[in-house]
Amino acid sequence: MTQQHSAEFAYLVEGYHRFRQTGWARRRERWEQLSVSQEPKVMVIACSDSRVDPAQIFDVDPGEIFVVRNVAALVPPFETSPGLHGVSAALEFAVQVLKVKEIVVMGHGMCGGCKAALTQSLHGAPRGEGGFIADWIAMLSEAREPVAAEFGTEGRTAERAMEQAGVKVSLANLRTFPCVRRGEREGSLTLRGAFFAISDGVLHVLDEASGDFAPVA
Ligand SMILES: [Zn+2]
């Protein structure tokens, strides 16, 4: 009996068959190596947004980057309270086990999570069924204030400022993790802020000294 797929899943299966015929076959040797271990040198923290796939943007092969994606590419601060800390677990694994040398936080243009943080009164916003989004983007509350004061809460300039401020929040929170601070101090780990502008496909990199993002050379 043939299994019936939804149109959406059938579309994915079609892609999978193309991958098996071309992508997988072409890199078969690479996959064989990868079946033994992974040794990515870079961790990328990016948004779940369907338009900003780090592997596509950086044109890397399987096994090259260790990726965490979530709403607005956010890293929560180091917390020892009980809870399910998914980003922290991935971070710990990347830094302490895989020993990545670089962590790239990549924000992006037209980010829905950042826009919600900017435009909603976070306390008065509808909480949704679980309130998960509101709680998550509340991480941007503090960073929102200077952005809103300078640029208002609407329009591309304000949105971009919020998106870029979000990257800085994640970098600051990364530095609350002892293993990250130690890595930076010892020179074994570098943090990098980046921003991918969807409209023109240009990657910007943060200069932490000036706080400005500029197109990457
Ligand atoms: Zn986003």
Side-chain angles (χ1 to χ4, degrees), residues 34 36-108 111-114 116-117 130-144 162-196 203-209 211 213 216:
L34 289 171
V36 182
S37 68
Q38 62 163 339
E39 291 173 1
K41 301 280 184 282
V42 178
M43 177 181 196
V44 180
I45 295 158
C47 185
S48 297
D49 190 294
S50 61
R51 299 163 292 185
V52 289
D53 176 0
Q56 194 168 43
I57 291 168
F58 295 118
D59 191 26
V60 290
D61 277 335
E64 291 191 293
I65 56 175
F66 186 80
V67 179
V68 169
R69 296 177 73 176
N70 61 41
V71 171
L74 293 175
V75 176
F78 180 78
E79 284 176 330
T80 50
S81 61
L84 302 170
H85 302 290
V87 177
S88 308
L91 179 67
E92 203 167 65
F93 187 69
V95 174
Q96 298 184 1
V97 181
L98 296 173
K99 301 192 188 307
V100 297
K101 299 192 178 324
E102 179 119 6
I103 301 176
V104 179
V105 175
M106 184 175 72
H108 71 97
C111 183
C114 290
F132 298 118
I133 300 173
D135 285 349
W136 184 251
I137 59 175
M139 240 187 285
L140 294 173
S141 298
E142 213 175 295
R144 173 191 182 275
M162 187 70 248
E163 289 153 2
Q164 297 188 340
V167 172
K168 294 176 191 173
V169 168
S170 285
L171 289 173
N173 285 348
L174 274 172
R175 292 187 170 112
T176 63
F177 287 78
C179 65
V180 171
R181 276 207 304 273
R182 197 162 53 241
E184 275 201 303
R185 197 171 57 236
E186 292 170 356
S188 58
L189 184 65
T190 305
L191 303 191
R192 184 98 44 198
F195 175 85
F196 182 73
L203 182 75
H204 295 66
V205 176
L206 170 65
D207 171 7
E208 286 201 76
F213 285 78
V216 72

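All heavy atoms count here, side chains included; hydrogens, waters and symmetry mates do not. Model, not experiment: these values are computed from the prediction.
The closest side-chain heavy-atom distance from Ile65 to Pro40 is not below 4.5 Å. Ile103 has its side chain within reach of Val95: a pair of non-hydrogen atoms, C-beta onward, lies under 4.5 Å apart. A 4.5 Å side-chain heavy-atom check between Val52 and Ile57 finds at least one atom pair inside the cut-off. With a 4.5 Å cut-off on side-chain heavy atoms, Met43 and Val68 count as touching. Looking at heavy atoms from C-beta onward, Trp136 lies in side-chain contact with Asn70 at the 4.5 angstrom threshold. Under the 4.5 Å side-chain criterion, counting only non-hydrogen atoms from C-beta, Pro76 is in contact with Met139. Side chains of Pro54 and Arg69 form a contact here, defined as non-hydrogen atoms less than 4.5 Å apart.
Shown here are the salt bridge (charged side-chain N to carboxylate O under 4.0 Å, His left out) partners of Asp61, two or more places apart in sequence or in another chain: Arg27. Partners of Glu208 according to the side-chain contact (heavy atoms from CB on, under 4.5 Å) rule, which considers only residues two or more places apart in sequence or in another chain, are Leu171, Arg175, Leu206.
In this structure, SG in Cys111 is found 9.0 Å from CZ in Phe195, a value given to the nearest 0.5 Å.
Surrounding CD of Gln56 are at most 12 heavy atoms belonging to other residues, nucleotides or ligands under 6.0 Å away. A 6.0 Å sphere centred on NZ of Lys168 holds more than 12 heavy atoms belonging to other residues, nucleotides or ligands. In the displayed structure, Glu79 atom CD is contacted under 6.0 Å by more than 12 heavy atoms of other residues, nucleotides or ligands.
Heavy atoms only, all atoms of each residue included: Ala117 and Ile137 are closest at N-CD1, 3.7 Å. Contact detail for Ala143 and Val169: the closest heavy-atom pair is CB-CG2, 3.5 Å. Cys114 and Ala72 make their closest contact through SG-CB, 4.1 Å (heavy atoms, listed as atom of the first residue, atom of the second, distance). Between Phe66 and Ala94, the shortest heavy-atom distance links the atoms CD2-CB, 3.7 Å. In plain terms, the two heavy atoms of Phe93 and Gln38 that are nearest each other are CE2-NE2, 3.9 Å.
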* Derivation of the side chain to side chain contact (heavy atoms under 4.5 Å, CB included) call for Ile45 and Leu174 -> CA-CA 11 Å; Ile45 295 158; Leu174 274 172; 4.3 Å; yes

* Stepwise side chain to side chain contact (heavy atoms under 4.5 Å, CB included) test for Lys41 and Glu102 -> CA-CA 7 Å; Lys41 301 280 184 282; Glu102 179 119 6; over 6 Å; no

* **Test side chain to side chain contact (heavy atoms under 4.5 Å, CB included) applied to Val75 and Phe177, step by step** => CA-CA 10 Å; Val75 176; Phe177 287 78; 4.1 Å; yes

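Considering Val167, Val205, Asp207, Leu203 as possible partners of Phe213, the one that fulfils the side-chain contact (heavy atoms from CB on, under 4.5 Å) test is Val167.
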